[in-house]
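Written below as structure tokens is the structure these notes are about.
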Number of protein chains: 2
Amino acid sequence: MPQAVSKVRSATADEIRQAALEQFAQSGYEATTMRDIAASVGIKAASLYNHFDSKEEILWDLTRSAMRDLDANRDDALARLAPAAVPRVKLAAFVSAHVDFHAERRHQAVLVNSQLGSLSQAHHRKAVALRDAYENSLRTIIDAGVASGEFTVSDVQVATLAILQMGTGVSFWFRPDGRLRIDQVCAEYVKLALAIVRHEIQ
Amino acid sequence: MPQAVSKVRSATADEIRQAALEQFAQSGYEATTMRDIAASVGIKAASLYNHFDSKEEILWDLTRSAMRDLDANRDDALARLAPAAVPRVKLAAFVSAHVDFHAERRHQAVLVNSQLGSLSQAHHRKAVALRDAYENSLRTIIDAGVASGEFTVSDVQVATLAILQMGTGVSFWFRPDGRLRIDQVCAEYVKLALAIVRHEIQ
DNA sequence: GGACTAGACTAACGCCCGTTAGTTAAGTGT
DNA sequence: ACACTTAACTAACGGGCGTTAGTCTAGTCC
């Protein structure tokens, strides 16, 4: 008799993750209670402790996953390019992936962009390190474009942050039933990013 | 005998505002307690109620002030221009004022950009209306530039949000003792904004 | 100098928080 | 059949929350 699909990870734990993610993103970590999370899952608050050690552990689990997903999303996009793709193409791929993530996975994006401060000190440090590495991967692309003369940027650091932050903002206004589809939004932001790195110094 | 300067507004109330602003911006509204605020001022929590009716009223007082200051800051910058200034000049003035505010008055900026959700429903509505009006004032400038042919923008709404959000992000990384002075940061962002509205459609 | 006011204080209320202990019922493996 | 594990439950603890009531004291106005 065929073995039933074994649960590799608890289905309840995943429901808890999903409920906590939505509420942390929507109301904030401090304003969300363990009783709130449990109620969305249909259990009692005490039962959450069969799956997670503490409220902060849930936040850290979600934060780490979100940041890993963000990295994986970028890696996938860059891996699809030719190995020797020119910086302009890499920048376009990066920005498109970045914006796509922030539109498609709003809750994860909002969590990463507004709830890091509620992590424990140790976890906060790790999260900031991951965020810095992500930022660095964009700066590296821009640096390469400047070095090759393809880009004209008066301050690489400011351009890096500006491109990231305008894309990050998408998670706050994008709605799936809005005027623009996700792919249109991505295309718009790619244009803006290219404009930023190719402008004439005045 | 000369009248001593009468206190038009309570000095203690202003100390409370200052302490609450810093802590709301740094730790978030929910994570800040009335006892925390009182302790920074050097009084007991109950004494706060001699000056404000509730915790939420403090937040609303600070939020409304911050948004009024942001509007006034923009109005001052635009009023200094010639009445018939061209959209490019108006955009530069707007972005410079926007970035200057977000660098110089970080706490107020962070409050407006991350704590609106903790307001009561009625106050939240008013805050969103103010934010929309601010956004509209930038869109109007970009619209004028597009109408005159001075700007080339494939989507005015996206360009508006992108310019605002990249400037807003300054409040999260700017430090007075950092590599760039405020005026240098403003100048950089003006360049980026002009690049965004003048890029060729591809 | 006596009435009044402003603004601090102490004490406490009722509620909700994250979390723990102990119990129970439903599978699962041999 | 029986031991074992998983994961739900009820009950409660200790503590902190926003807020209120009532008191005291120092200064102000006629």
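All heavy atoms count here, side chains included; hydrogens, waters and symmetry mates do not.
With hydrogens and angles left out, the side-chain atoms of A/Asp36 and A/Thr33 include a donor and acceptor closer than 3.5 Å. For the residue pair A/Thr63/A/Gln115, the side-chain donor-acceptor check at 3.5 Å is not satisfied.
In this structure, the side-chain contact (heavy atoms from CB on, under 4.5 Å) partners of B/Glu30, at least two apart in sequence or on a different chain, are A/Glu30, A/Ala31, B/Ser118. Applying the salt bridge (charged side-chain N to carboxylate O under 4.0 Å, His left out) test to B/Glu15 and every residue at least two apart in sequence or in another chain returns nothing. Under the salt bridge (charged side-chain N to carboxylate O under 4.0 Å, His left out) criterion, A/Arg179 pairs with B/Asp155, sequence neighbours left out. By the salt bridge (charged side-chain N to carboxylate O under 4.0 Å, His left out) test, B/Asp100 pairs with no residue at all, sequence neighbours left out. Residues that satisfy the side-chain contact (heavy atoms from CB on, under 4.5 Å) test with B/Ser148, not counting sequence neighbours, are B/Pro87, B/Glu150. Not a single ring-ring contact (aromatic ring centres under 6.0 Å, His included) links A/Phe101 to another residue, sequence neighbours left out. Not counting sequence neighbours, B/Arg131 has no partner by the salt bridge (charged side-chain N to carboxylate O under 4.0 Å, His left out) test.
Under 4.0 angstrom from either OP1 or OP2 of D/dA8 there lies at least one side-chain N or O belonging to A/Thr12.
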Atom pairs under 3.5 Å, N or O on each side, protein against nucleotides 24-26 of chain C: can you list them with distances?
none

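On a pure distance criterion of 3.5 Å, a polar donor-acceptor pair joins the side chain of A/Arg35 and the base of C/dG18.
Applying the ring-ring contact (aromatic ring centres under 6.0 Å, His included) test to residues at least two apart or on different chains, the pairs with a partner in residues 67-96 of chain B are B/Phe94-B/Tyr134.
Applying a 4.0 Å cut-off to non-hydrogen atoms, the residues of residues 41-51 of chain B that approach DNA chain C are B/Ile43, B/Lys44, B/Ala46, B/Ser47, B/Asn50, B/His51, listed by residue number. Taken residue by residue, residues 14-30 of chain B places no heavy atom nearer than 4.0 Å to DNA chain C.
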Check: residues 71-85 of chain B side-chain donor-acceptor pairs under 3.5 Å, at least two apart:
unit_1: B/Asn73; atom_1: ND2; unit_2: B/Ala97; atom_2: O; d: 2.8
unit_1: B/Arg74; atom_1: NH1; unit_2: B/Ser137; atom_2: OG; d: 2.9

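Distance B/Met34 CE to D/dT19 C1': 8 Å, rounded to the nearest Å. Separating the CG atom of B/Asp36 from the P atom of D/dG16 is a distance of 12 Å, rounded to the nearest angstrom. Atom CD in A/Glu56 sits about 13 Å away from atom C1' in C/dG18, given to the nearest Å. In this structure, the CZ atom of A/Phe52 is 13 Å from the P atom of C/dT19, given to the nearest Å.
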